[in-house]
Every structure is written in structure tokens, then in C-alpha cells.
Amino acid sequence: MAAKRPARRSWLFKSEPGTYSIDDLARDGRTSWEGVRNYQARNLLRDELQVGDPVLFYHSSAKPLAIVGLARVVRSGYPDPSAADPSSEHHDPAQDPAVPRWYTVDLEFVAKFAEPVTRDALLARPELAGMMLLQRGSRLSVQPVTDAEWRCVLGLAGLDPRRL
DNA sequence: GCCAACGTTGGC
DNA sequence: GCCAACGTTGGC
């Protein structure tokens, strides 16, 4: 029997495009996802995200609200350097330097959708009714995405999930 | 700009 | 450990 490999999991990252957009990621090619200051998201970044995991990139507080492209995890969780940097707006003065409190991962640009998959389009799909992004009050900025949700979103984007 | 939802903080 | 106050997120 083949050795069991941990299942690859899919994720959704939220970002306000005025802060960091899919175009910024396309330009940079790769970025460190610094500044997450929520323990639930921190736990995912630190413990769950693995190199190679695919990521949906969502624009929040934007027009339109939409999933706008794809990224990939290229470095798994490591201590967020901005937390220990007094000059950073994300500096956490309460963090003990010896005990990192916040974590980040590195993302690589994969694709920008030809047309954004809008929140309205997502809401119109019955099979996405349970998607975390669409639950009221869901504020988590890093969210797990099921395989079925992933396939549905890529279908809405006009992409074949099997070819990625 | 409003406000619901939710997380964090701090007094007790 | 409870819980009220407060701050933030983010859709509308």
C-alpha cells in the first residue's frame, strides 16, 4: 500500500484590494501574508496550511465583492516578522519576542480570473450554501474550502479544476 | 454610513 | 470565570 499523504486542502484568503489586491500579488509574484491578528486564522496559518495548497483570492469591502484569482502556498507557517517590528503597523508590543504569537505563510500568484466570480454569483449557487464565506457574520480572513466548493468556484470562473 | 456579528479586554 | 464595554470586520 502506498504511503498515505496528507490530503491537500484548499483555502480562501480575504483581502481588501486597497490594502493588497490580486494585481499586487500578480506584480509581486510572491508575498508574505503578514498582519493576520486573529487566533483562529493564526492557528490555520501555523498548523494547517501546507506547501502546495491552493488558495482562492477574495476581494472584501470591494466593488465588486468577488473571488478574483488563484494563489498557492509556497512556504508554510512561520513567525510573522511584522509582529516584532516596532515600525510595522502590525507590530504587537505585547508579544514576547521569545514566543512568537502570530504566524504567516508565503503565497505565490497563480492566476487572475478573466472575470471575477462575484459574491452574487456565489450566492446564487445552491451547492455553495454552506460555504464559510457566505455565512453571515463570517469574518475569518483565512478559511478552509471544501473540494466541492473549490470545483464549483473554478467552474464559475470558466476553469477546469482537473487541469490545475 | 449603518449595524450585526464576533473577538478581545478588563473590572470585579 | 463572568460579563459588560469596546473595537473590528465587512456586507449592505
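Worth knowing before you read on, the calculation uses all heavy atoms, side chains too, and leaves out hydrogens, waters and symmetry mates. As the structure is a prediction and not an experimental result, all values here were calculated from the model. Chain letters run A, B, ... following the sequence lines, proteins first, then strands; residues in each count from 1.
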Given atom [atom1] of [X] and atom [atom2] of [N], what is their separation to the nearest angstrom?
| X | N | atom1 | atom2 | result |
| --- | --- | --- | --- | --- |
| A:Arg101 | B:dT9 | CZ | C1' | 12 Å |
| A:Asn38 | C:dG7 | CG | C1' | 13 Å |
| A:His90 | C:dT8 | NE2 | C1' | 14 Å |
| A:Met132 | B:dC6 | CE | C1' | 14 Å |
| A:Trp102 | B:dG7 | CH2 | C1' | 10 Å |

By the ring pair (Phe, Tyr, Trp, His ring centres under 6.0 Å) test, which pairs, at least two apart or in different chains, include something from residues 128-147 of chain A? none
Selection residues 100-134 of chain A - residue pairs positive for ring pair (Phe, Tyr, Trp, His ring centres under 6.0 Å), sequence neighbours left out: A:Tyr39-A:Trp102
Divergence of helical axes at both termini of the helix from B:dG1-C:dC12 to B:dC12-C:dG1 - five pairs an end, 10° steps: 10°
Rounded to the nearest 0.5 angstrom, the CG-CG distance for A:Leu133 and A:Leu56 is 9.0 Å
Out of A:Val74, A:Leu25, A:Val105, which one pairs with A:Thr31 under the side chain to side chain contact (heavy atoms under 4.5 Å, CB included) rule? A:Leu25
Holding to side chain to side chain donor-acceptor pair (under 3.5 Å), I want the full list of residues that pass it with A:Ser88, two or more places apart in sequence or in another chain. none
Report the C-alpha separation of A:Phe13 and A:Leu45 in whole Å, then their side-chain angles, then the decisive distance to 0.1 Å, and conclude whether the side chain to side chain contact (heavy atoms under 4.5 Å, CB included) test is met. CA-CA 11 Å; A:Phe13 279 43; A:Leu45 293 172; 4.0 Å; yes
For residues 55-65 of chain A, the side chain to side chain donor-acceptor pair (under 3.5 Å) pairs (sequence neighbours left out) are A:Tyr58-A:Arg119
Under-3.5 Å N/O pairs linking protein and nucleotides 10-12 of chain C:
unit_1: C:dG10; atom_1: OP1; unit_2: A:Lys14; atom_2: NZ; d: 2.8
unit_1: C:dG10; atom_1: OP1; unit_2: A:Arg139; atom_2: O; d: 2.8
unit_1: C:dG11; atom_1: OP1; unit_2: A:Tyr58; atom_2: OH; d: 3.1
unit_1: C:dG11; atom_1: OP2; unit_2: A:Ser61; atom_2: N; d: 3.1

With side chain to side chain contact (heavy atoms under 4.5 Å, CB included) as the test, would you mind laying out the steps for A:Lys14 and A:Phe57 before giving the verdict? CA-CA 6 Å; A:Lys14 286 195 279 199; A:Phe57 197 104; over 6 Å; no
